[in-house]
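Predicted model, so just to flag it, every value in this text is computed and none were measured.
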Amino acid sequence: MVSSRSTRFLFTMALAGVAASQAPVLAQALEVPAPSVKARVEQRVGVTDFSVDYSSPAVRGRTIWGGLVPYDQLWRTGANASTKLTSSRDFSFGDTKVPAGTYALFTIPGASSWTVILNSNTTLNGTNGYDAKTDVARVTVKPQAAGPRERLTFLFSDTTDDASRLDLEWEKVRISVPIKTDTQAQVRAGIDQSLADAWRPHYTAGRYLLDSGGDLDTALQYLDKSIEIKGTWWNHWYRAQVLAKKGRSADAIAAAGKAQELGKGDDIFEQFFKADVQKAVDGWKKGKA
């Protein structure tokens, strides 16, 4: 028979075991504020999407300019990992044209002027390993007086359809870099692309009717309309298959021949369709003989 003292001992040990098993879970759940919090700001300019990802240190009563952040020295412009500017399309940073992509943002603060830098190496943690040879843009700007701001903050201002300003504010200083996009050219390119692809909806409709056993006459109408907009090997090949199903072998062979002509040099056609098209043509010719 187990004594009451033994029972209490076993119960106490069991509770200790449960507490020990839960300790890592409780420790993992504990979060405290970071000294330099993660931050992100986004802005659409015309049809271009910009974002800045950074860590935001606080003043905390310290002397920032010429103190915590020395003048005339390269600065990561934030804390922790490098600050990153991302653009979905080509743009101008100051007067320098920059391809779409993600760039590390550095600065060289000065008492009377700053240099703002975009660099293609986004893997740096701080400035160690920085190489000016991988800079893609440098802009010189003058610092301005601003209202007190405890945490370093990036923001976009004065945004229009084709321009904005990327501002940095911290303590009582603001710097601002003009950003431009050629929105009209980008929209025109989008219009041209949309018109160039206008054949696709009719082709897709015709292909669906063929593959699903739908109305072949309607499928042929859709494919003819697609070819009228822009003839491709895709719409000619599916037109050939519709014609073959309708018993029009000669027309199917001619349509497949057009697909073969337009498909020359196209990787998808050459790798995945060329042999099947030729096999179909050979079969239609035999059936016609």
Side-chain angles (χ1 to χ4, degrees), residues 28 30-60 62 64-110 113-141 143 149-157 159 163-171 173-182 186:
Q28 291 172 5
L30 179 62
E31 289 188 288
V32 297
S36 300
V37 296
K38 291 176 62 176
R40 178 182 175 88
V41 61
E42 299 179 344
Q43 179 66 55
R44 170 159 277 218
V45 180
V47 293
T48 303
D49 292 317
F50 290 95
S51 64
V52 179
D53 293 273
Y54 63 104
S55 293
S56 175
V59 175
R60 294 195 182 92
R62 298 173 293 183
I64 301 300
W65 311 117
L68 180 67
V69 180
Y71 285 136
D72 305 321
Q73 293 184 26
L74 186 71
W75 179 40
R76 73 176 74 190
T77 319
N80 304 323
S82 59
T83 293
K84 298 175 182 65
L85 170 67
T86 299
S87 175
S88 64
R89 298 173 186 266
D90 296 352
F91 65 106
S92 292
F93 193 74
D95 293 325
T96 303
K97 293 185 178 180
V98 179
T102 299
Y103 301 94
L105 191 151
F106 297 97
T107 55
I108 303 175
S113 78
W114 285 42
T115 301
V116 185
I117 303 166
L118 291 186
N119 187 281
S120 60
N121 186 350
T122 61
T123 64
L124 301 179
N125 192 351
T127 58
N128 290 335
Y130 166 81
D131 187 348
K133 292 179 181 177
T134 53
D135 288 349
V136 297
R138 281 189 168 223
V139 180
T140 300
V141 297
R149 190 180 284 274
E150 175 64 18
R151 286 196 175 274
L152 181 149
T153 301
F154 282 93
L155 61 150
F156 291 93
S157 63
T159 301
S164 187
R165 302 192 72 87
L166 177 60
D167 298 344
L168 176 155
E169 294 184 359
W170 195 21
E171 200 253 357
V173 170
R174 175 193 300 121
I175 64 164
S176 183
V177 179
I179 290 177
K180 298 177 184 177
T181 62
D182 193 347
Q186 292 166 352

- Could you walk me through whether Ile108 and Arg138 pass side chain to side chain contact (heavy atoms under 4.5 Å, CB included), step by step? CA-CA 10 Å; Ile108 303 175; Arg138 281 189 168 223; 4.2 Å; yes
Euclidean distance, [Y] [atom2] relative to [X] [atom1], rounded to 0.5 Å:
X      : Y      : atom1 : atom2 : result
Ser157 : Glu169 : OG    : CD    : 8.5 Å
Trp114 : Trp65  : CH2   : CH2   : 3.5 Å
Ser176 : Leu155 : OG    : CG    : 8.5 Å
Asp53  : Leu105 : CG    : CG    : 11.5 Å

- Message: Is there a side chain to side chain contact (heavy atoms under 4.5 Å, CB included) between Ile175 and Val116? Walk through the geometry before answering.
- Response: CA-CA 9 Å; Ile175 64 164; Val116 185; 3.8 Å; yes
Main-chain N/O of [Y] paired with [X] side-chain donor or acceptor, under 3.5 Å:
X      : Y      : result
Tyr103 : Val136 : no
Thr134 : Ser120 : no
Thr122 : Ala104 : no
Glu150 : Val59  : yes

- Message: More than 12 heavy atoms of other residues, nucleotides or ligands under 6.0 Å from CG of Asp95: yes or no?
- Response: no
- Message: Is it true that Arg151 and Ser56 share a donor-acceptor pair across their side chains at a distance under 3.5 Å?
- Response: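 Ser56 vs Arg151: no donor-acceptor pair found between side chains.
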- Task: Decide yes or no on side chain to side chain contact (heavy atoms under 4.5 Å, CB included) for Ile64 and Leu152, but give the supporting numbers first.
- Result: CA-CA 11 Å; Ile64 301 300; Leu152 181 149; over 6 Å; no
- Message: If you compare all heavy atoms of Trp170 against all heavy atoms of Arg149, which two are closest, and at what distance to 0.1 Å?
- Response: CD1-O, 3.5 Å
- Task: For residues Pro35 and Arg60, report the shortest heavy-atom separation together with the two atoms involved.
- Result: O-NH2, 2.9 Å
- Task: Mind checking side chain to side chain contact (heavy atoms under 4.5 Å, CB included) for Thr159 and listing every partner two or more places apart, or none if nothing turns up?
- Result: Gln43, Val45, Phe156, Ser164
- Task: Output, in order, the C-alpha distance, side-chain angles, deciding distance and verdict of side chain to side chain contact (heavy atoms under 4.5 Å, CB included) for Ile179 and Phe93.
- Result: CA-CA 5 Å; Ile179 290 177; Phe93 193 74; 4.1 Å; yes
- Given side chains that start at C-beta, do those of Tyr54 and Leu168 come closer than 4.5 Å, heavy atoms only? no
- Message: I need the single residue from Asn119, Thr96, Asn121 that forms a side-chain hydrogen bond (donor to acceptor under 3.5 Å, both in side chains) with Asp135. Which is it?
- Response: Asn119
- Item | Any residue meeting side-chain hydrogen bond (donor to acceptor under 3.5 Å, both in side chains) with Arg44, in chain and number order, not counting sequence neighbours |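 Arg44: side-chain hydrogen bond (donor to acceptor under 3.5 Å, both in side chains) contacts with Asp49.
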- Query: Can you name the side-chain hydrogen bond (donor to acceptor under 3.5 Å, both in side chains) partners of Thr48, sequence neighbours left out?
  - Reply: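 Gln186.
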- Message: By the side chain to side chain donor-acceptor pair (under 3.5 Å) test, which pairs, at least two apart or in different chains, include something from residues 76-90?
- Response: Ser55-Asn80, Thr77-Thr107, Ser82-Lys84, Thr86-Thr102
- Partner set under ring pair (Phe, Tyr, Trp, His ring centres under 6.0 Å) for Phe91, not counting sequence neighbours: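 With sequence neighbours excluded, Phe91 shows a ring pair (Phe, Tyr, Trp, His ring centres under 6.0 Å) to Phe50, given in chain and number order.
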- Message: Show me the pairs that pass ring pair (Phe, Tyr, Trp, His ring centres under 6.0 Å) and involve residues 116-141, at least two apart or across chains.
- Response: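 Of all non-adjacent pairs touching residues 116-141, those that pass ring pair (Phe, Tyr, Trp, His ring centres under 6.0 Å) are Phe106-Tyr130.
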